[in-house]
Amino acid sequence: MNYAEQDPFKEYSTVIRDLSGVAFQIARVEERKTEAASVRRHELLDGCIQEEQALLLKLRGLEQHRISSQKALGWEGLTLSQILEKASSEQLELLAPLFEELKQQIERLLQARNAAERIINVRLHEMKVIASQQQGTAYDSGGNTNPAAASHARIHNKYV
């Protein structure tokens with residue numbers, strides 16, 4: 001959208017709406033990454049990562065627009081709750097639901113990102129275990145390397 005054609009407040013509200021949309025899209029990509037990793041479809045992760053990188057660039061551009069719009073409105077450096085305190089009743093009526101939506105989308109994004117990181121870390125750990133077992137290293141129940149168990153792991157793998 002061309003933000004330059006709008007008045008500063010309308011521009012700001014449009015940017016906030018767009019930020020919510022991009023946060024939603026990034027959360028969906030994170031959820032797809034989680035799904036791909038959990039069903040061991042690691043080949044799907046590259047596409048997710050490329051899409052996520054493009055969305056992060058878009059997010060960065062929107063954030064720059066948000067900062068400049070806030071400055072134009074005299075709200076430079078203010079948090080969303082501080083802006084709500086300074087806004088007129090008409091502005092408050094429009095901004096409150098936009099800020100709430102943005103907050104919800106950011107929370108969803110953070111949850112999705114944490115879930116994706118957890119499952120990807122589990123898969124990385126599994127790959128380390130498999131690689132070390134092939135090299136003769138074994139892990140104990142705490143996930144630490146245990147050279148004494150390595151010979152047992154090799155025997156077990158041979159007969160399984």
Side-chain angles (χ1 to χ4, degrees), residues 1-132 139-146:
M1 171 162 254
N2 187 355
Y3 298 107
E5 298 173 3
Q6 299 179 12
D7 71 77
F9 181 74
K10 187 167 180 145
E11 177 182 336
Y12 182 72
S13 59
T14 301
V15 169
I16 296 297
R17 188 175 292 113
D18 291 349
L19 281 168
S20 293
V22 172
F24 172 79
Q25 291 175 311
I26 296 171
R28 288 186 60 209
V29 171
E30 289 293 334
E31 290 163 354
R32 288 197 335 257
K33 281 172 40 181
T34 301
E35 177 66 21
S38 67
V39 296
R40 292 179 170 86
R41 298 282 316 270
H42 303 123
E43 70 277 4
L44 300 176
L45 292 176
D46 283 340
C48 291
I49 291 168
Q50 289 175 1
E51 184 177 350
E52 185 177 41
Q53 287 173 341
L55 288 168
L56 289 173
L57 286 173
K58 186 175 183 178
L59 183 68
R60 190 172 299 136
L62 286 170
E63 183 61 12
Q64 290 173 350
H65 282 291
R66 182 196 62 79
I67 291 168
S68 65
S69 297
Q70 273 187 216
K71 185 176 182 178
L73 291 165
W75 296 336
E76 184 176 15
L78 298 180
T79 65
L80 298 182
S81 56
Q82 290 171 329
I83 289 171
L84 290 177
E85 291 173 6
K86 287 191 164 249
S88 69
S89 59
E90 184 180 283
Q91 291 171 330
L92 181 64
E93 189 176 320
L94 180 66
L95 290 178
L98 289 176
F99 286 178
E100 183 60 32
E101 176 67 19
L102 179 59
K103 180 182 171 187
Q104 289 174 3
Q105 293 306 325
I106 290 171
E107 287 174 5
R108 178 181 177 197
L109 171 58
L110 292 174
Q111 290 173 354
R113 174 153 290 176
N114 288 337
E117 284 180 12
R118 279 193 306 272
I119 192 68
I120 289 171
N121 285 333
V122 166
R123 294 298 174 241
L124 288 172
H125 180 72
E126 287 174 350
M127 292 169 75
K128 281 183 184 177
V129 169
I130 290 168
S132 66
Y139 286 83
D140 63 19
S141 61
N144 302 310
T145 58
N146 184 351

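The structure displayed is predicted, hence computed values, not measured ones.
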**Student:** Does any pair with a residue in residues 69-91 pass ring-ring contact (aromatic ring centres under 6.0 Å, His included), and if so which ones, sequence neighbours excluded?
**Tutor:**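 As it turns out, the ring-ring contact (aromatic ring centres under 6.0 Å, His included) pairs with a partner in residues 69-91, which skip direct neighbours, are Y12-W75.
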**Student:** Which residues pass the side chain to side chain donor-acceptor pair (under 3.5 Å) test with R123, sequence neighbours left out?
**Tutor:**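 Applying side chain to side chain donor-acceptor pair (under 3.5 Å) to R123 gives E126.
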**Student:** Test of understanding: with side-chain contact (heavy atoms from CB on, under 4.5 Å), list the residues that count as partners of S81, not counting sequence neighbours.
**Tutor:**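 In terms of side-chain contact (heavy atoms from CB on, under 4.5 Å), with neighbours along the sequence ignored, S81 is linked to T79.
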**Student:** Which pairs, with at least one residue in residues 77-99 and sequence neighbours excluded, count as a salt bridge (Lys or Arg N to Asp or Glu O under 4.0 Å)?
**Tutor:**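 Those involving residues 77-99 do not exist here.
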**Student:** Output side-chain donor-acceptor pairs under 3.5 Å for residues 46-58, partner residues at least two apart or in another chain, one line each.
**Tutor:**
| unit_1 | atom_1 | unit_2 | atom_2 | d |
| --- | --- | --- | --- | --- |
| E51 | OE1 | R32 | NH2 | 2.4 |
| E52 | OE1 | K33 | NZ | 3.0 |
| E52 | OE2 | R113 | NH2 | 2.7 |

**Student:** Does anything in residues 60-80 form a salt bridge (Lys or Arg N to Asp or Glu O under 4.0 Å)? List the pairs, not counting sequence neighbours.
**Tutor:**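 Found E63-R66.
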**Student:** Apply side-chain contact (heavy atoms from CB on, under 4.5 Å) to the pair R108 and R28, showing each step before the final yes or no.
**Tutor:** CA-CA 9 Å; R108 178 181 177 197; R28 288 186 60 209; 3.8 Å; yes
**Student:** Kindly compute the distance separating CZ (F24) from CD1 (I106), expressed to the nearest 0.5 Å.
**Tutor:**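 Interatomic distance, F24 CZ to I106 CD1, rounded to 0.5 Å: 14.5 Å.
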**Student:** Return the set of residues passing side chain to side chain donor-acceptor pair (under 3.5 Å) with R41 (not counting sequence neighbours), or none when no residue passes.
**Tutor:**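 Expected list: E43.
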**Student:** Per the ring-ring contact (aromatic ring centres under 6.0 Å, His included) rule, what does the pair list look like for residues 31-59, sequence neighbours excluded?
**Tutor:**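 Every pair satisfying ring-ring contact (aromatic ring centres under 6.0 Å, His included) with a residue in residues 31-59: there are none.
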**Student:** Grab the two heavy atoms, one from A36 and one from L44, that are nearest each other, plus how far apart they are.
**Tutor:**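 In terms of heavy atoms, the two residues are closest at CB-CB, 3.9 Å.
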**Student:** With sequence neighbours left out, write down each residue that passes side-chain contact (heavy atoms from CB on, under 4.5 Å) with K103, or none if nothing qualifies.
**Tutor:**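 Applying side-chain contact (heavy atoms from CB on, under 4.5 Å) to K103 gives E100, E107.
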**Student:** Could you tell me which residues satisfy side-chain contact (heavy atoms from CB on, under 4.5 Å) with E101, sequence neighbours excluded, listed by chain and number?
**Tutor:**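 Testing E101 for side-chain contact (heavy atoms from CB on, under 4.5 Å), a comparison that skips the adjacent residues, returns S20, Q104, Q105.
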